[in-house]
Amino acid sequence: MKTLSENAAFGGTQGVYSHASEACNCEMTFAIYMPPAAKEGPVPVLWYLSGLTCTHENAMVKAGAQAWAAEAGIALVFPDTSPRGEGVADDEAYDLGQGAGFYVDATEAPWAAHFNMWSYIQQELPALVFAQFDLLAEAQGITGHSMGGHGALTLALNHPEQYRSVSAFAPICNPTGSDWGRMQLGAYLGEDEANWQRHDASKLMMARGFPTPVLIDQGDSDQFLGLLKPESLAQAMAAKRQAGTFRMQPGYDHSYYFVASFMEDHILHHAEILHGL
């Protein structure tokens with residue numbers, strides 16, 4: 001693991017690091033914020049998955065999360081959204097290829113060689129950060145924005161034994177029924193839609209639910225509402241009688257201004273659950 005930068009922030013440390021990834025077969029970069037409480041012992045960790053076109057840096061800089069994480073005594077991990085670099089497949093479309101890994105393990109050419117973000121986020125990167133930082137592996141939460149909200153929900157719903165808390169900002173809720181999903185899932189996973197189902201939060205919510213309360217925030221002025229399909233997840237939560245809150249926030253769009261506005265609520269949501277374990 002290479003240290004790219006480390007900066008003091010809110011009494012803790014904001015670091016950026018890179019490493020050779022076996023899952024993605026390339027060099028990957030991630031950021032981690034360690035709160036001041038980490039100086040006294042291991043702390044819970046919250047994974048933040050970013051959306052289309054983002055790197056590790058967008059949320060690290062724009063989401064305003066470190067101040068609340070410092071106060072709550074939890075670490076934050078900001079992974080990249082896809083493999084990158086020379087030899088990594090890409091596409092002219094902004095919503096496929098580099099910057100658009102969709103948090104799946106690709107099985108189709110040319111993506112399968114590098115696009116294994118599911119295994120990277122769920123297995124490889126945790127193994128690295130738990131070996132290098134003083135974190136509580138039994139106290140993990142996960143959240144994300146847009147494509148990252150999709151990733152957070154699907155990872156948590158498939159692995160509730162690993163992720164004890166989950167939330168999302170404007171997630172892609174029903175990718176098997178949306179243009180933000182069908183094209184990407186088809187490209188990465190092939191035409192058999194049976195292979196897509198574990199990557200659809202609405203379908204997973206309806207089938208499984210989640211053991212702890214779920215928090216979802218969605219702006220009602222989001223320019224991508226038709227692609228995100230929040231109504232599908234809200235209906236699934238209601239039908240499953242899932243504990244939690246789905247909030248439509250008046251006047252908010254899809255930007256990081258929206259994310260930053262409600263970040264405190266999400267940090268506290270995770271902190272309450274993770275510290276209570």
Side-chain angles (χ1 to χ4, degrees), residues 5-17 30-51 54-81 121 125-126 129 133-146 148-149 151-153 155-156 163-171 210 212-219 244-277:
S5 65
E6 288 183 334
N7 299 94
F10 301 100
T13 302
Q14 177 62 69
V16 180
Y17 309 92
F30 70 96
I32 183 167
Y33 175 71
M34 294 296 289
K39 299 170 185 176
E40 308 299 326
V43 294
V45 57
L46 176 60
W47 299 87
Y48 182 98
L49 306 186
S50 292
C54 292
T55 69
H56 70 281
E57 187 177 34
N58 296 72
M60 181 185 79
V61 173
K62 297 179 179 179
Q66 291 89 342
W68 305 119
E71 185 173 318
I74 63 175
L76 302 169
V77 182
F78 304 98
D80 203 347
T81 57
I121 297 295
L125 189 55
V129 299
F133 300 93
D134 205 5
L135 304 169
L136 292 168
E138 66 272 22
Q140 297 182 63
I142 191 166
T143 188
H145 174 226
S146 193
L153 289 166
L155 280 159
Y163 305 103
R164 300 299 189 90
S165 58
V166 65
S167 72
F169 301 85
F210 193 71
T212 61
V214 174
L215 174 61
I216 309 293
D217 274 308
Q218 171 65 62
T245 306
F246 195 116
R247 306 190 300 195
M248 291 297 291
Q249 300 290 2
Y252 283 90
D253 59 18
H254 200 68
S255 70
Y256 269 97
Y257 296 111
F258 157 67
V259 174
S261 296
F262 301 101
M263 181 56 71
E264 178 185 11
D265 292 352
H266 285 250
I267 295 286
L268 294 178
H269 166 81
H270 290 276
E272 181 178 359
I273 295 170
L274 298 177
H275 281 303
L277 292 175

Q: List the steps, then state whether side-chain contact (heavy atoms from CB on, under 4.5 Å) holds for Ile74 with Val43.
A: CA-CA 6 Å; Ile74 63 175; Val43 294; 5.8 Å; no
Sub-4.5 Å side-chain heavy-atom contact between [X] and [Y]:
{"X": "His269", "Y": "Thr245", "value": "no"}
{"X": "Val16", "Y": "His56", "value": "yes"}
{"X": "Leu136", "Y": "Leu274", "value": "no"}
{"X": "Met34", "Y": "Leu135", "value": "yes"}

Specify the closest pair of heavy atoms between [X] and [Y], including all atoms of both residues, with the distance to one decimal.
{"X": "Ala156", "Y": "Phe210", "answer": "O-CE1, 3.3 Å"}
{"X": "Ala72", "Y": "Ile267", "answer": "CB-CG2, 3.8 Å"}
{"X": "Gln218", "Y": "Ala170", "answer": "OE1-CA, 3.2 Å"}
{"X": "Gly141", "Y": "His270", "answer": "CA-ND1, 4.0 Å"}
{"X": "Pro35", "Y": "Gly73", "answer": "CG-C, 4.0 Å"}
{"X": "Gln14", "Y": "Ala31", "answer": "NE2-CB, 3.6 Å"}

Pairwise distance [atom1]([X]) to [atom2]([Y]) - rounded to 0.5 angstrom:
{"X": "Glu272", "Y": "Thr212", "atom1": "CD", "atom2": "OG1", "result": "10.5 Å"}
{"X": "Phe30", "Y": "Ile32", "atom1": "CZ", "atom2": "CD1", "result": "6.5 Å"}
{"X": "Gln140", "Y": "Arg164", "atom1": "CD", "atom2": "CZ", "result": "9.5 Å"}
{"X": "Asp80", "Y": "Glu57", "atom1": "CG", "atom2": "CD", "result": "10.5 Å"}
{"X": "Ile216", "Y": "Phe169", "atom1": "CD1", "atom2": "CZ", "result": "10.0 Å"}
{"X": "Trp47", "Y": "Leu125", "atom1": "CH2", "atom2": "CG", "result": "4.0 Å"}

Q. Do the two ring centres, one from Tyr33 and one from Tyr48, sit under 6.0 Å apart?
A.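 No.
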Q. Does a donor on one side chain and an acceptor on the other come within less than 3.5 Å for His266 and Ser167?
A.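 Looking only at side-chain atoms, Ser167 and His266 do form a donor-acceptor pair, the distance falling under 3.5 Å.
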Q: State which residues pass ring pair (Phe, Tyr, Trp, His ring centres under 6.0 Å) with Phe262; sequence neighbours excluded, sorted by chain then number.
A: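 For Phe262, the residues satisfying ring pair (Phe, Tyr, Trp, His ring centres under 6.0 Å) (neighbours in sequence not counted) are Tyr252, Phe258.
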Q.
Restricting to side-chain hydrogen bond (donor to acceptor under 3.5 Å, both in side chains), what partner residues turn up for Ser255, sequence neighbours left out?
A.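 Residues passing side-chain hydrogen bond (donor to acceptor under 3.5 Å, both in side chains) with Ser255: Asp253.
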**Q.** Residues in side-chain hydrogen bond (donor to acceptor under 3.5 Å, both in side chains) contact with Ser146, at least two apart in sequence or another chain
**A.**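 With sequence neighbours excluded, Ser146 shows a side-chain hydrogen bond (donor to acceptor under 3.5 Å, both in side chains) to His254, given in chain and number order.
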Q.
Does Thr81 form a side-chain contact (heavy atoms from CB on, under 4.5 Å) with Asn58? I'd like the steps, not just the answer.
A. CA-CA 11 Å; Thr81 57; Asn58 296 72; over 6 Å; no
(Q) Between Leu76 and Met60, is the side-chain contact (heavy atoms from CB on, under 4.5 Å) condition met? List the steps. (A) CA-CA 9 Å; Leu76 302 169; Met60 181 185 79; over 6 Å; no
Q: Spell out, as yes or no, whether a donor-acceptor pair under 3.5 Å connects the side chain of Lys62 to the backbone of Val259.
A: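 The answer is no, because no donor-acceptor pair under 3.5 Å joins these two groups.
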Q.
Tell me whether Glu71 at atom CD has more than 12 heavy atoms from other residues, nucleotides or ligands lying less than 6.0 Å away.
A.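 Open: at most 12 neighbouring heavy atoms sit under 6.0 Å from CD of Glu71.
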